Number of protein chains: 2
Amino acid sequence: MNKININFIAKLRTSGLRPTKQRLKICDILFNREKTFHFSINDLTKILEIEHNEKISLATVYNTVHAFKKKGYLKEIHIGNEMSYFDTNTSSHHHFYDEQTKELTDISSNEVEIKKIPSPPSGKKIDGAEVIFKISKKI
Amino acid sequence: MNKININFIAKLRTSGLRPTKQRLKICDILFNREKTFHFSINDLTKILEIEHNEKISLATVYNTVHAFKKKGYLKEIHIGNEMSYFDTNTSSHHHFYDEQTKELTDISSNEVEIKKIPSPPSGKKIDGAEVIFKISKKI
DNA sequence: ATATAGTTTAGAATTATTATAAAGTATGAA
DNA sequence: TTCATACTTTATAATAATTCTAAACTATAT
């Protein structure tokens, strides 16, 4: 039980989530990283099983990830044709998406500037913009 | 068998797709429209069954839509958390996405201008950019 | 300690999509 | 025309991602 885990315990408690050992383990995997992390539920389950030798029920992995998303600790991304991806970088940012490798890379918000913004449909307001730059191998 | 259908027959033939009655019916629904059309396989199946009283096998609807996509007559879009959506507007363009109603609206390419473009990862080239403007009801 | 509300779990259910393999059909050649 | 053949359609089964369910478990406040 290190300092980092104590922080997670506090973080979860203030969010109204009980700091169970499953949630703490998942926190450890997701948030003890230098770089932001893009993952699917399947990725996370594999990491838990193989790298950490933890057998957390699949339903719990879903529950936890969705709880973290609801609390704003994760962001859900929908790109590509497959399943849901989650991103530990919850700030507004953009992505490179490699259609060949299906790989996602973050682009920080200040690297993109949208000059001309369309006016929203009447009665609607724009909450944000996300750009996906499709990339492929240079030939 | 009107003029429009004859055009579809020619179009399909030149694509190497046989103009079957199922494909022609789907062409009629998708492409005889003023505005571009965003739909899921489920939407299209419902339209076929209810509005046109056609019972085309679900597998055929999938096959046809994917064949049309491969030929470049449809574009697949991945936004929101659900299933695949297809767009009859295959030109490069952007979207408004209403997170409350899950509704998609087209934005033509010339209404958006990206000023600052990030440099792609090494060895990769940028093929295109798509912007999703998230909108919600004005309060 | 203990009651209670929040959590985890295995397994079933649901939903979207793809695969299969048999029956049907468009097409070009004879 | 007729016929062979390759392409299509179809119902059904299979797969895959996700959600539901209800019973067992556990953190927490009293």
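Letters A, B, ... mirror the listed sequences (proteins, then strands); counts begin at 1. Side chains included, hydrogens not; waters and symmetry mates left out as well; all remaining heavy atoms used. Because the structure is predicted, anything quoted here is derived from the model rather than measured.
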Could you please name the option among [options] that lies closest to any side-chain atom of [X]?
{"X": "A:Ser57", "options": "C:dT18, C:dT9, C:dT7", "answer": "C:dT9"}
{"X": "A:Ala59", "options": "D:dA17, C:dG11, C:dT8", "answer": "C:dG11"}
{"X": "A:Tyr62", "options": "C:dA16, D:dT10, D:dA17", "answer": "D:dA17"}
{"X": "A:Arg23", "options": "D:dT10, C:dT7, D:dT9", "answer": "C:dT7"}
{"X": "A:Thr64", "options": "C:dT17, D:dT9, C:dT8", "answer": "C:dT8"}

Can you measure [X] atom [atom1] to [N] atom [atom2] for me and round it to whole angstrom units?
{"X": "A:Asn63", "N": "D:dC25", "atom1": "CG", "atom2": "P", "answer": "18 Å"}
{"X": "B:Glu54", "N": "D:dT9", "atom1": "CD", "atom2": "P", "answer": "13 Å"}
{"X": "B:Ile56", "N": "C:dT25", "atom1": "CD1", "atom2": "P", "answer": "14 Å"}
{"X": "B:Lys25", "N": "C:dT25", "atom1": "NZ", "atom2": "P", "answer": "18 Å"}
{"X": "B:Lys46", "N": "C:dA16", "atom1": "NZ", "atom2": "C1'", "answer": "13 Å"}
{"X": "B:Asp43", "N": "C:dT17", "atom1": "CG", "atom2": "C1'", "answer": "15 Å"}
{"X": "B:Lys70", "N": "C:dT18", "atom1": "NZ", "atom2": "P", "answer": "11 Å"}
{"X": "A:Glu76", "N": "D:dA17", "atom1": "CD", "atom2": "C1'", "answer": "12 Å"}

Hey, can you pull the donor-acceptor pairs under 3.5 Å for the side chains in residues 38-46 of chain B, sequence neighbours left out?
from, atom 1, to, atom 2, distance (Å)
B:His38, ND1, B:Leu104, O, 3.4
B:His38, NE2, B:Asp87, OD2, 3.1
B:His38, NE2, B:His95, NE2, 3.4
B:His38, NE2, B:Asp106, OD1, 2.7
B:Ser40, OG, B:Asn42, N, 3.4
B:Ser40, OG, B:Asp43, N, 3.1
B:Ser40, OG, B:Asp43, OD1, 3.4
B:Ser40, OG, B:Asp43, OD2, 3.1
B:Asn42, OD1, B:Lys46, NZ, 3.4
B:Asp43, OD2, B:Ser40, N, 2.8
B:Thr45, OG1, B:Ile41, O, 2.7

Using the six-membered ring wherever Trp is involved, compare the ring planes of [X] and [Y] and label them parallel, tilted or perpendicular (cut-offs 30° and 60°).
{"X": "B:Phe68", "Y": "B:Tyr73", "value": "perpendicular"}
{"X": "B:Phe8", "Y": "B:Phe31", "value": "tilted"}
{"X": "B:His66", "Y": "B:Phe86", "value": "perpendicular"}

> So A:Lys71 and A:Lys69, side chain to side chain contact (heavy atoms under 4.5 Å, CB included) or not? Walk me through it.
Replying inline: CA-CA 5 Å; A:Lys71 296 299 177 183; A:Lys69 180 194 161 192; over 6 Å; no
How about B:Lys125: does its NZ atom have over 12 heavy atoms from other parts shown lying under 6.0 Å from it? yes
Exercise. What is the nucleic acid contact for B:Asn42, judged by heavy atoms within less than 4.0 Å: base, sugar-phosphate only, or nothing?
Worked result: nothing
* Determine the contact category for B:Leu58: base if any of its heavy atoms lies under 4.0 Å from a base atom, sugar-phosphate if only primed atoms, P, OP1 or OP2 are that close, otherwise nothing. => base
Q.
When you measure from the side-chain N and O atoms of A:His66 to the phosphate of D:dT19, is any distance below 4.0 Å, counting only OP1 and OP2?
A. yes
Within the pair B:Gln22 and D:dT10, is there a side-chain N or O less than 4.0 Å away from OP1 or OP2? yes
Exactly one of B:Lys75, B:Glu130, B:Glu111 clears side-chain contact (heavy atoms from CB on, under 4.5 Å) with B:His93, and that residue is B:Lys75
Ordered by number, residues from residues 12-21 of chain B within less than 4.0 Å of DNA chain C (heavy atoms) are B:Arg13, B:Arg18, B:Pro19
